[in-house]
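A quick write-up on the structure given underneath.
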Amino acid sequence: MDKTPFDLSDFKKFKPPQINMKKLIWIVPLLLIVIFGYSLFFTVSPEEVGVILRLGKFTRTASPGLNFKLPFGIEKAYKVPVERQLKQEFGFRTSSPGTRTKYSSRKYQEESLMLTGDLNAAEVEWIVQFRINDPYKFLFRVRNAVQTFRDMNEAVMREIVGDRTVDEVITVGRQEVATTAEVMLQELSDQYELGIKVEQVVLQDVNAPEPVQPAFNEVNEAEQEKEKLINQAKSEYNKVIPKARGEAQRTIEEAKGYALERVNNARGEAAKFSSVFIEYLRAKEVTRQRIYLETMNDVMQKVGRKLITDEEATGILPLFQFEKGGVKK
Amino acid sequence: MNNIKMPILAVVLILVIVAIGSSAFIVNETEQVILTQFGKPIREPITTPGIHFKIPMVQVANFFDKRFLEWDGDPNQVPTKDKRFIWVDTYARWSIKDPLLFFQRVRDERWAQSRLDDILDGETRNAIAKHLLVEVVRSTNREPVLPEGLVEGEITTTLQEIRFGREKITREIVEAAAVRTLELGIELHDLRLKRINYVEEVQKKIFERMITERKRIADKFRSEGQGEASKILGDKERELKKIQSGAYKKAQEIIGKADAEATVIYAKAYNRSSESREFYRFLKTMETYQTTLSEKDWLILSTKGDFFKYLSSRSGK
């Protein structure tokens with residue numbers, strides 16, 4: 001058996017399959033029904049609302065769920081997320097949201113750097129949270145509503161920051177700037193018929209421009225240093241003075257103690273003298289002799305070297321050879 | 001018979017559909033239409049949304065936007081009256097008020113944007129060149145709130161008073177430009193300064209100024225800290241001396257008083273009569289002998305004295 005892969009004679013035998021006209025006719029209506037069905041139904045998500053235009057004209061809104069509309073483009077449905085809180089970021093971008101949000105490392109300085117009222121500069125990052133509260137206006141009154149809203153945000157923020165000093169914007173005035181921005185943005189949004197309700201403006205990082213930041217930080221550090229120096233001096237004061245007061249008190253108490261002792265001693269000695277004196281007055285000669293002899297007794301015992309001389313003795317030199325006791329003649 | 005009728009009917013049907021198709025047009029909520037016949041506009045502009053009809057082939061429907069439209073200018077370097085060069089980036093809000101006029105003057109939006117560039121940039125430049133920089137930046141004359149720790153006058157750059165302000169200047173621009181845009185069938189609703197920034201060299205100088213100012217404040221804090229600390233330490237020294245000398249004085253007073261009192265007591269005891277004085281002298285001398293004479297001392301005594309009087313004779317004479 002010859003097995004040739006390809007033979008021209010085979011080719012002639014090959015005939016295209018017969019198109020059964022009858023069967024084909026059914027495909028067309030089937031297709032039509034599918035297209036019809038597809039353009040007949042539409043779903044609206046829970047946070048959305050459907051805006052229906054019939055032949056270009058707004059006729060009704062559609063609530064969340066499965067809805068019908070006239071097919072083949074007679075009615076068109078536009079879905080607008082009216083319940084979802086939307087957000088726009090300025091001066092920065094979140095690159096991946098989550099529990100640990102990551103921010104894009106690009107600075108977006110052209111959005112954040114702005115002039116302050118004292119003709120300095122600051123870098124201001126903020127977000128605006130808003131909702132679409134009028135879907136008709138949002139869709140049909142303003143072209144590029146979101147971009148317009150963004151431009152408006154930048155203009156409003158710069159107007160507010162432009163009326164404040166850089167210190168206000170960076171520190172004490174932050175909340176005020178945000179609240180004022182909310183009010184102004186809502187006013188303008190209403191004026192522009194954006195159909196937007198501004199919920200909140202939240203400032204993020206607000207700093208002096210980067211090249212200037214070290215100098216600003218230096219001011220904070222210097223302020224802290226000042227506090228530190230003063231506290232150190234105060235604690236030094238508090239360490240020394242109370243202790244000195246305590247010692248002063250002690251000195252006085254010691255003096256008082258001495259005084260008491262002195263006076264008491266004096267009184268004691270005076271009393272002792274008085275009683276001895278009274279006894280003395282009763283027997284003067286005897287008392288004198290007694291005291292004299294008692295004293296001499298003690299003294300003689302204590303004194304190491306004694307020399308007893310006689311009036312009639314002439315030289316004392318030879319007597320000095322003896323250590324203790326007297327010299328007998 | 002039917003065989004001929006079917007295709008004829010089909011052709012007629014198709015023709016009718018085509019006719020309707022090319023005579024009807026839909027205007028939606030964002031659009032307005034001017035019908036032109038052989039290039040010439042007819043009738044008033046159609047602004048109501050829905051389905052409308054025109055003569056097919058002969059009439060053409062020109063669509064224009066009915067919405068509020070945006071214009072965003074390129075940033076421009078603009079000098080102020082006080083010769084500061086700044087980058088100004090504006091945006092504006094406009095709409096096609098008179099589509100007929102718009103169609104005649106400008107034809108389509110591309111041209112309109114270009115004309116708006118000329119008009120709005122020009123008016124912006126004019127307005128800014130007429131005013132000082134601070135007038136363009138500030139809007140009100142509100143007083144600044146000073147953060148804690150910084151005293152007024154420490155910071156030399158502060159909010160200067162203005163006579164016009166940002167709001168007034170932008171209104172000026174809008175008024176001047178609106179007149180010109182009206183000639184194009186365009187209504188100008190709003191114009192705002194989206195961004196203002198210093199030109200590069202000016203920015204460098206501004207930053208230097210900010211740095212110098214902050215350094216000065218930092219130095220001031222530091223020297224204030226040292227000054228106050230010195231004062232407190234000085235107080236400490238002073239107080240210390242005061243306490244110590246005060247205590248010393250008081251103690252001496254107490255001791256002095258006590259000594260005086262003791263002296264009085266002694267005097268009263270010893271000094272009551274000449275006899276007591278003599279007796280005191282005697283007692284004291286005896287005591288002194290006891291305490292002052294010790295082992296090391298030599299004592300030279302005479303046999304004539306009282307002590308030894310019995311040595312020479314029995315009777316002590």
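In what follows, every chain begins at residue 1, and chains take the letters A, B, ... in the order their sequences are listed. Quick caveat, the model's predicted, so the values are computed rather than measured.
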| request: Take B/R281 and B/Y270 through the test side chain to side chain donor-acceptor pair (under 3.5 Å) and record every step on the way to the result. | output: CA-CA 9 Å; B/R281 216 181 310 129; B/Y270 304 150; over 6 Å; no
| field | Proximity breakdown for A/V166 and chain B, heavy-atom pairs closer than 4.5 Å | value | side chain
| remark: If you tally heavy-atom pairs under 4.5 Å between each of A/E294, A/E269, A/Q249, A/K76 and chain B, the highest tally belongs to A/E269
| task | Please work out whether the ring planes of A/F277 and A/F273 are parallel, tilted or perpendicular, with thresholds of 30° and 60°. | result | parallel
| remark: When the 4.5 angstrom heavy-atom criterion is applied to A/E110 and chain B, the contacting part is both
| Where on B/Y91 is there a heavy atom nearer than 4.5 Å to chain A: the side chain, the backbone, both, or neither? | side chain
| said: Can you tell whether the side chains of B/E237 and B/K242 come within less than 4.0 Å, N to carboxylate O? | reply: no
| Is it the side chain or the backbone of B/E167 that comes within 4.5 Å of chain A heavy atoms, both, or neither? | side chain
| query | Between A/A145, A/A215, A/A208, which residue shows the highest count of heavy-atom pairs closer than 4.5 Å to chain B? | reply | A/A215
| query | Under 4.0 Å between a Lys/Arg side-chain N and an Asp/Glu carboxylate O for A/R143 and B/E70? | reply | yes
| request: Select one option (side chain, backbone, both, neither) describing which atoms of A/E225 are under 4.5 Å from chain B's heavy atoms. | output: side chain
| note | Counting heavy-atom pairs under 4.5 Å with chain A, the top scorer among B/N197, B/T90, B/I206 is B/N197
| query | Which region of A/K284, side chain (C-beta onward) or backbone (N, CA, C, O), has a non-hydrogen atom less than 4.5 Å from a non-hydrogen atom of chain B, or is it both or neither? | reply | side chain
| field | Selection from A/N153, A/T148, A/V240 maximising heavy-atom pairs under 4.5 Å formed with chain B | value | A/V240
| query | Relative to chain B, which segment of A/L139 carries a heavy atom at a distance below 4.5 Å: side chain, backbone, both, or neither? | reply | backbone
| So which of A/E254, A/M114, A/M152 has the largest heavy-atom pair count under 4.5 angstrom toward chain B? | A/M152
| Can you say whether A/E111 sits under 4.5 Å from chain B via the side chain, the backbone, both, or neither, judging by heavy atoms? | both
| message | Using heavy-atom distances under 4.5 Å, tell me whether B/I51 contacts chain A through its side chain, its backbone, both, or neither. | response | both
| Max heavy-atom pair count under 4.5 Å with chain A, selected residue of B/M210, B/K250, B/H189 | B/M210
| query | Which atoms of A/L53 come close to chain B, meaning under 4.5 Å heavy atom to heavy atom: side chain ones, backbone ones, both, or neither? | reply | side chain
| What distance separates B/I96 CD1 from B/L69 CG, expressed to the nearest 0.5 Å? | 6.0 Å
| query | What option among A/L55, A/L229, A/T295, A/D163 has the most heavy-atom pairs under 4.5 Å with chain B? | reply | A/D163
| request: Please report the C-alpha distance between B/Q32 and B/I46 in whole Å, then the side-chain angles of each, then the deciding distance to 0.1 Å, and finally whether the side chain to side chain contact (heavy atoms under 4.5 Å, CB included) criterion is met. | output: CA-CA 6 Å; B/Q32 50 187 347; B/I46 300 168; over 6 Å; no
| request: Please flag which part of B/R195 lies under 4.5 Å from any non-hydrogen atom of chain A: side chain, backbone, both or neither. | output: both
| In terms of heavy-atom proximity below 4.5 Å to chain A, should B/T288 be classed as side chain, backbone, both, or neither? | neither
| request: Answer yes or no: is there an ion pair linking B/E213 with B/R209, defined by an N-O contact shorter than 4.0 Å? | output: no
| request: Evaluate the ring planes of A/F58 and A/Y136, with Trp represented by its six-membered ring, and classify them as parallel (under 30°), tilted (30 to 60°) or perpendicular (over 60°). | output: tilted
| query | By a 4.5 Å heavy-atom criterion (distance strictly below it), what part of A/T116 contacts chain B: side chain, backbone, both, or neither? | reply | backbone
| query | Backbone N or O of B/T140 within a donor-acceptor pair of the B/R138 side chain at under 3.5 Å? | reply | yes
| query | Do the side chain of A/E279 and the main chain of A/V276 share a donor and acceptor less than 3.5 angstrom apart? | reply | no
| message | If we ignore hydrogens and angles and just use 3.5 Å, is the side chain of B/Y198 paired with the main-chain N or O of A/L119 as donor and acceptor? | response | yes
| note | Ranking B/G165, B/A247, B/A24, B/G256 by heavy-atom pairs under 4.5 Å to chain A gives rank one to B/A247
| query | Measuring heavy-atom distances to chain A, does B/V137 have an atom under 4.5 Å in its side chain, in its backbone, in both, or in neither? | reply | both
| Where on A/I160 is there a heavy atom nearer than 4.5 Å to chain B: the side chain, the backbone, both, or neither? | neither
| message | Taking the basic N atoms (NZ, or NE/NH1/NH2) and the acidic carboxylate oxygens, is any pair closer than 4.0 Å for B/E239 and A/R245? | response | yes
| query | Quick one: of B/D190, B/L133, B/L283, B/V134, who has the most non-hydrogen atom pairs under 4.5 Å with chain A? | reply | B/D190
| task | Report yes or no: does B/E228 contribute a side-chain atom to a donor-acceptor pair with the main-chain N or O of A/I230 at less than 3.5 Å? | result | no
| query | Can you tell which of A/E218, A/E159, A/Q147 has the highest number of heavy-atom pairs within less than 4.5 Å of chain B? | reply | A/E159
| task | Quick one: which of B/E208, B/R272, B/K268 has the most heavy-atom pairs under 4.5 Å with chain A, could you say? | result | B/R272
| Under 4.5 Å from a heavy atom of chain B, the part of A/R250 involved | neither
| field | Atom group of B/F282 that falls short of 4.5 Å from chain A, counting heavy atoms | value | side chain
| query | Salt bridge between A/R54 and A/E75, side-chain N to carboxylate O under 4.0 Å? | reply | yes
| Would you find a donor on one side and an acceptor on the other, under 3.5 Å apart, between the side chain of B/K66 and the backbone of B/T47? | yes
| task | Between chain A and each of B/D259, B/D65, B/I196, B/T212, count heavy-atom pairs under 4.5 Å; write down the option with the most. | result | B/D259
| said: Can you tell whether the side chains of B/R214 and A/D167 come within less than 4.0 Å, N to carboxylate O? | reply: yes
| said: Any salt bridge linking B/E253 with B/K257? Criterion: basic side-chain nitrogen under 4.0 Å from a carboxylate oxygen. | reply: no
